[in-house]
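Structure, as structure tokens:
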Amino acid sequence: MRLSAIRPLFGAACLLLAARASGQGLPEEPLRTPDGRLTVSAEAVATFGPSDETAYFNYTDYEHNALRLFRLGAAAVWKPADWLALATEVRSEDLEAPRVYAAYARIRPFRDHPFDLTAGRIPPAFGAFARRAYGTDNIVIGYPLAYQYLTSLRSDAAPAVGDDLLRMRGRGWRSSFPIGRQVPEPGVPLVSGFRWDTGVGAAWANPRLQVSAALTNGTLSNPRVGDDNGGKQLSGRVAATPIVGLVLGASGAAGNWLARGLPGDGSGQQRAFGADAEYSRDHWIVRGELVFSRWALPLPLPPSHTTAVSALGRWVEGRYRLTPRIFIAGRLDRLGFSTLQGSTAALPWDAPVARAEAAAGYSLRRNLVVRTAVQRNRRDGGRVRGRTVTSVQLAYWF
């Protein structure tokens, strides 16, 4: 049996053992030391679905299938002083070597004011989806296209003419171009939902308004630990709560996304705008989000001499609890691309994608949930233009 087949089975066994051991006092809340200065939490999420070795509708920037994945995560927050907190989170996907997802210091310089400074691998200051802590905060099993789907663009390789980019439509899982690094590799999403960036940030909040900003080494598409182009990204988000249950947010970001060695030597920028809304009441929660991204190209692309391309992702999702234990949920999602002129025709520079997903779940315990989902993908291009996937997920966290 191949290792790729063993890993999901191992994950299932771990979670099933957790379920059966529920009577033996599994944690339901984060673990805390008696003085309250150290808090530890963890999650284990096993998702079972068919392999997706041709379409890659659910391929991630860590080169995993989001609908066939076993993830372990552990997080800790230590407060050596009232004004200082040190936070870290480590994750392993499919039993690979653990990766540091978050590692930052949070400083509260004013005791009586809700103002924080952060430094390290910090929470994002853009959008709403990437800030949700646990996989079960995701209403369905799949990820929004704007935060997961890989476009054909790459930060280390570039097309020379329009046809070079059009040939890669629907090939974000392995794209290649004649300029820069020519080994076929995955492209970038609009926003990475699986990695946090490295830099410094600031946040202020009260019950009605939250404001955050960050200066980081990478960009939304390509978060980084080390800088690869000498530039930085500035991002920010403002969220308001005008009435109980309603949250309205707006985000913006701009930063150098192209690596050194390409024409322009890393000066090309990714600029993005986001808007999000959430409303919850009684048994309902409804969310919507929009992400627009524009990437500068290293060279104008003949024959139209286009200097930048853009994409727009938008989705709406909702969940309804039939009982305290049983819920149903769904998401409608679309990702579109700007038009690029080739030698014979003008087409969207990547293949537009539409996705619909419906899910149902049952809470075995407050922090142990099983759910199943059916996801339908349609794409205007690529090797596979449509795919319906059924997946099952078991998630435990504390």
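We use all heavy atoms of the structure for the numbers below, so side chains are in, but hydrogens, waters and symmetry mates are not.
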Worksheet item: Is there a donor-acceptor pair under 3.5 Å between the side chain of Arg224 and the backbone N or O of Gly226?
Response: yes
Discussion item. If I compare all heavy atoms of Ser363 with all of Arg325, which pair ends up nearest, and what's the gap?
Written reply: O-NH1, 2.6 Å
Worksheet item: CG/Leu67 to CD/Gln393 distance, rounded to the nearest 0.5 angstrom?
Response: 9.0 Å
Worksheet item: Between the main-chain N or O of Val225 and the side-chain N or O of Asn217, is there a donor-acceptor pair closer than 3.5 Å?
Response: yes
Worksheet item: Side-chain donor-acceptor pair under 3.5 Å between Thr388 and Arg376, yes or no?
Response: yes
Worksheet item: Just how far is it from atom CH2 of Trp315 to atom CZ of Arg334, taken to the nearest 0.5 Å?
Response: 15.0 Å
Worksheet item: Parallel, tilted or perpendicular: which describes the rings of Phe398 and Tyr396, with under 30° parallel and over 60° perpendicular?
Response: tilted
Item to complete: Verify side chain to side chain contact (heavy atoms under 4.5 Å, CB included) between Arg154 and Ser175, making sure each step is shown before the conclusion.
Response: CA-CA 8 Å; Arg154 288 174 49 185; Ser175 64; 3.2 Å; yes
Fill in: Heavy-atom donor-acceptor pair, Arg331 side chain to Ile139 backbone, under 3.5 Å
no
Item to complete: Mind running ring-ring contact (aromatic ring centres under 6.0 Å, His included) on Trp284 and Tyr320 for me, showing each step along the way?
Response: CA-CA 5 Å; Trp284 283 96; Tyr320 180 74; 4.8 Å; yes
Discussion item. Does this structure show an ion pair linking Lys232 with Asp227, if we count only N-O contacts that are shorter than 4.0 Å?
Written reply: yes
Worksheet item: Say you draw a straight line from CG of Asp197 to OG of Ser235; how long is it, rounded to the nearest 0.5 Å?
Response: 8.0 Å
Practice prompt. Consider only side-chain heavy atoms of I, L, V, M, F, W and Y, link residues closer than 4.5 Å, and tell whether Leu215 and Trp204 are in one cluster.
Written response: no
Discussion item. Check this for me, if you would: do Asp380 and Arg385 make a salt bridge, where the nitrogen-to-carboxylate-oxygen distance has to be below 4.0 angstrom?
Written reply: yes
Worksheet item: Out of curiosity, does Leu290 fall in the hydrophobic cluster containing Leu335 (side-chain heavy atoms, cut-off under 4.5 Å, transitive links)?
Response: no
Practice prompt. To the nearest 0.5 angstrom, please state how far the CH2 atom of Trp83 sits from the CG atom of Leu117.
Written response: 11.0 Å
Discussion item. Any salt bridge linking Glu357 with Arg355? Criterion: basic side-chain nitrogen under 4.0 Å from a carboxylate oxygen.
Written reply: no
Item to complete: Mark yes or no: Arg91 above the aromatic ring of Tyr101, with NZ or CZ under 6.0 Å from the six-membered ring centre and no more than 45 degrees from the axis.
Response: yes
Worksheet item: Are the side chain of Thr88 and the backbone N or O of Ala102 linked by a donor-acceptor pair below 3.5 Å?
Response: yes
Fill in: Arg321 atom CZ, neighbour heavy-atom count above 12 within 6.0 Å
yes
Worksheet item: Heavy-atom distance under 4.5 Å between the side chains of Asp164 and Pro178, does that happen here?
Response: yes
Worksheet item: Is Val374 reachable from Leu322 through a run of I, L, V, M, F, W or Y residues, each pair having side-chain heavy atoms under 4.5 Å apart?
Response: no
Worksheet item: Quick one: which of Trp295, Phe292, Trp349 gives a ring-ring contact (aromatic ring centres under 6.0 Å, His included) with Phe337?
Response: Trp349
Worksheet item: Between Tyr147 and Phe129, does the ring centre distance come in under 6.0 Å?
Response: yes
Worksheet item: Counting distance only, does the side-chain N/O of Gln270 pair as donor-acceptor with the main-chain N or O of Leu190 below 3.5 Å?
Response: yes
Worksheet item: Out of curiosity, Asp116 CG to Ile107 CD1, how far, rounded to the nearest 0.5 Å?
Response: 9.5 Å
Practice prompt. Using only heavy-atom distances, determine whether the side chains of Thr151 and Asp350 contain a donor-acceptor pair under 3.5 Å.
Written response: no
Practice prompt. State the OG1-CG distance between Thr241 and Leu246, to the nearest 0.5 angstrom.
Written response: 7.5 Å
Item to complete: Examine the side chains of Ser221 and Thr219 and answer whether a donor and an acceptor come within less than 3.5 Å of each other.
Response: no
Item to complete: Answer with yes or no whether the hydrophobic clustering places Leu84 together with Trp78; edges join I, L, V, M, F, W, Y residues whose side-chain heavy atoms lie under 4.5 Å apart.
Response: yes
Practice prompt. Ignoring hydrogens and angles, tell me if any N or O in the side chain of Arg387 forms a donor-acceptor pair with the backbone of Phe57 under 3.5 Å.
Written response: no
Item to complete: Taking only Lys NZ, Arg NE, NH1 and NH2, and the carboxylate oxygens of Asp or Glu, determine whether Glu93 and Arg71 approach each other closer than 4.0 Å.
Response: no
Worksheet item: So, does Arg68 use its side chain to make a donor-acceptor pair with the main chain of Gly49 at under 3.5 Å?
Response: yes
Worksheet item: Are the side chain of Asn138 and the backbone N or O of Gly142 linked by a donor-acceptor pair below 3.5 Å?
Response: yes
Worksheet item: Under 3.5 Å, is there a donor-acceptor pair between the side chain of Ser251 and the main chain of Gly127?
Response: yes
Item to complete: Using atom types as modelled and distance alone, determine if a side-chain donor or acceptor of Thr60 lies under 3.5 Å from a backbone N or O of Gln148.
Response: no
Response to the item:
On a heavy-atom basis, the closest approach of Thr39 and Arg32 is OG1-CG, 3.7 Å
Discussion item. Looking at every heavy atom in both Asp276 and Ala250, which two are closest together, and how far apart are they?
Written reply: OD2-N, 4.3 Å
Fill in: Arg169 atom CZ, over 12 foreign heavy atoms within 6.0 Å
yes
